[in-house]
Amino acid sequence: GALRQTLNHAMMRQGLQSFVIDLVVPLNQAVGEAWMNGEFAVFEEHLYTEQLTSLLRQAIGNLPPGGGRPRILLTTVPDEQHALGLLTAEVVLALEGADCISLGTQTPLFDIQMAARAYQADIVALSFSAAFPARRVGPLIKRLRQFLPSTVELWAGGAGAQRATDRKSTRLNSSHLVVSY
């Protein structure tokens with residue numbers, strides 16, 4: 001309860017965009033590192049994630065509906081269950097007026113392709129956490145790129161995508177935009 005109240009107060013004080021960019025993103029990184037280093041137990045990381053997810057979902061729900069362009073489909077690939085990076089990106093994109101459609105986590109590639117077509121997405125945005133194996137990012141992105149219409153941009157972000165682009169064997173070509181969030 002105290003964590004949720006503290007985060008909510010900070011969001012009200014800073015405004016949603018500043019809260020996400022200036023506080024949540026670095027806090028997510030710190031919590032992720034603490035979890036990976038064994039300083040946080042899994043249940044502590046899960047509690048933090050649930051509190052922040054609930055708060056950000058509520059904030060997104062209070063925004064005026066997007067309805068405009070670009071229409072962005074947000075998800076993670078199979079075996080990527082971490083969604084906070086995706087959620088923070090959704091907040092920032094929604095604040096900019098994008099029409100965001102979140103599929104949640106672990107969406108099969110074929111279903112991402114079907115959803116992109118069904119919702120006439122302009123962009124598919126994927127999130128890869130630091131816990132996701134970097135060696136798998138490039139091949140998954142290349143495979144999904146083959147499924148998507150050429151008019152649909154494919155964005156990959158998060159610490160896992162950043163690590164993948166740092167490896168020579170999994171360079172992403174110019175048709176992929178990598179953003180950190």
Side-chain angles (χ1 to χ4, degrees), residues 20-53 56-57 70 72-94 96 98 100-116 121-181:
V20 167
I21 293 170
D22 299 332
L23 180 66
V24 171
V25 170
L27 191 55
N28 286 353
Q29 291 170 342
V31 168
E33 288 173 18
W35 172 74
M36 290 180 78
N37 294 332
E39 298 167 26
F40 271 22
V42 171
F43 76 89
E44 292 171 310
E45 185 268 340
H46 284 199
L47 179 63
Y48 166 77
T49 298
E50 286 303 311
Q51 294 299 310
L52 191 55
T53 297
L56 293 178
R57 281 274 163 237
I72 304 174
L73 188 70
L74 299 110
T75 191
T76 68
V77 297
D79 300 324
E80 175 56 270
Q81 60 188 355
H82 296 90
L84 273 184
L86 193 67
L87 186 56
T88 58
E90 182 180 351
V91 169
V92 173
L93 293 166
E96 292 297 322
C100 296
I101 302 165
S102 177
L103 298 181
T105 61
Q106 303 190 68
T107 306
L109 298 185
F110 183 72
D111 289 295
I112 295 171
Q113 177 252 346
M114 287 179 20
D122 300 302
I123 301 163
V124 170
L126 304 174
S127 179
F128 294 94
S129 69
F132 194 83
R135 69 186 182 332
R136 293 187 54 210
V137 173
L140 281 166
I141 289 174
K142 288 175 185 172
R143 190 163 161 222
L144 181 57
R145 177 72 268 167
Q146 292 171 345
F147 291 158
L148 294 173
S150 61
T151 57
V152 176
E153 291 185 37
L154 180 57
W155 294 359
Q162 188 63 49
R163 278 194 351 265
T165 60
D166 293 340
R167 298 178 62 199
K168 292 179 185 175
S169 63
T170 58
R171 283 199 194 273
L172 306 179
N173 67 35
S174 61
S175 68
H176 306 104
L177 173 65
V178 176
V179 293
S180 292
Y181 46 76

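Since the structure is predicted, the reported quantities are computational estimates derived from the model, not experimental observations.
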* **Full working for side chain to side chain contact (heavy atoms under 4.5 Å, CB included) between Leu56 and Val20** => CA-CA 9 Å; Leu56 293 178; Val20 167; 4.0 Å; yes
* **Nearest heavy-atom neighbours spanning Asp122 and Pro70** => OD2-CA, 3.3 Å
* Determine the minimum heavy-atom distance between Leu86 and Ser127, stating which atoms define it. => N-OG, 3.6 Å
* Of all heavy-atom pairs between Ala125 and Ile72, which one has the smallest distance, and what is that distance? -> CB-CG2, 4.0 Å
* Residue of the set Leu74, Ile123, Thr88 for which side chain to side chain contact (heavy atoms under 4.5 Å, CB included) holds with Leu93 -> Leu74
* **Atom of Met36, atom of Ala130 and distance for their closest heavy-atom approach** => SD-CB, 4.0 Å
* To do: Mind checking the NE2-OG1 spacing from His46 to Thr53? Nearest 0.5 Å is all I need.
  => 11.0 Å
* Asked: Between Leu126 and Leu144, does a side chain to side chain contact (heavy atoms under 4.5 Å, CB included) hold up when you go through it step by step?
  -> CA-CA 10 Å; Leu126 304 174; Leu144 181 57; 3.8 Å; yes
* Structure fact -> Here the pair of heavy atoms bringing Val137 nearest to Ala161 is CG1-CA, 4.2 Å
* Look up atom CZ in Arg145 and atom CG in Leu140, then write down how far apart they are to the nearest 0.5 Å. => 14.5 Å
* Check whether any side-chain heavy atom of Gln113 sits under 4.5 Å from a side-chain heavy atom of Val124, and report yes or no. => no
* Arg136 vs Asp79, side chain to side chain contact (heavy atoms under 4.5 Å, CB included): CA-CA, chis, key distance, verdict -> CA-CA 10 Å; Arg136 293 187 54 210; Asp79 300 324; 3.3 Å; yes
* Asked: Which residue pairs satisfy the salt bridge (Lys or Arg N to Asp or Glu O under 4.0 Å) criterion with at least one member in residues 31-44, sequence neighbours excluded?
  -> none
* With sequence neighbours excluded, tell me which residues meet salt bridge (charged side-chain N to carboxylate O under 4.0 Å, His left out) with Arg143. => none
* Glu45 side-chain N/O to Val31 backbone N/O, donor-acceptor pair under 3.5 Å -> no
* Do side-chain atoms of Thr75 reach the backbone of Thr105 as a donor and acceptor pair under 3.5 angstrom? -> no
* Polar contact flag, side-chain donor to acceptor under 3.5 angstrom, Thr76-Gln81 -> no
* On the 0 to 90° scale, with breaks at 30° and 60°, tag the His82-Trp35 ring pair as parallel, tilted or perpendicular. => tilted
* Structure fact -> One should read off an interatomic distance between Phe147 CZ and Leu154 CG, to the nearest 0.5 angstrom, of 12.0 Å
* Exercise: identify the closest heavy-atom pair between Ala116 and Leu73 -> N-CD2, 3.6 Å
* What is the distance from atom OG1 of Thr107 to atom CD1 of Ile112, rounded to the nearest 0.5 Å? -> 5.5 Å
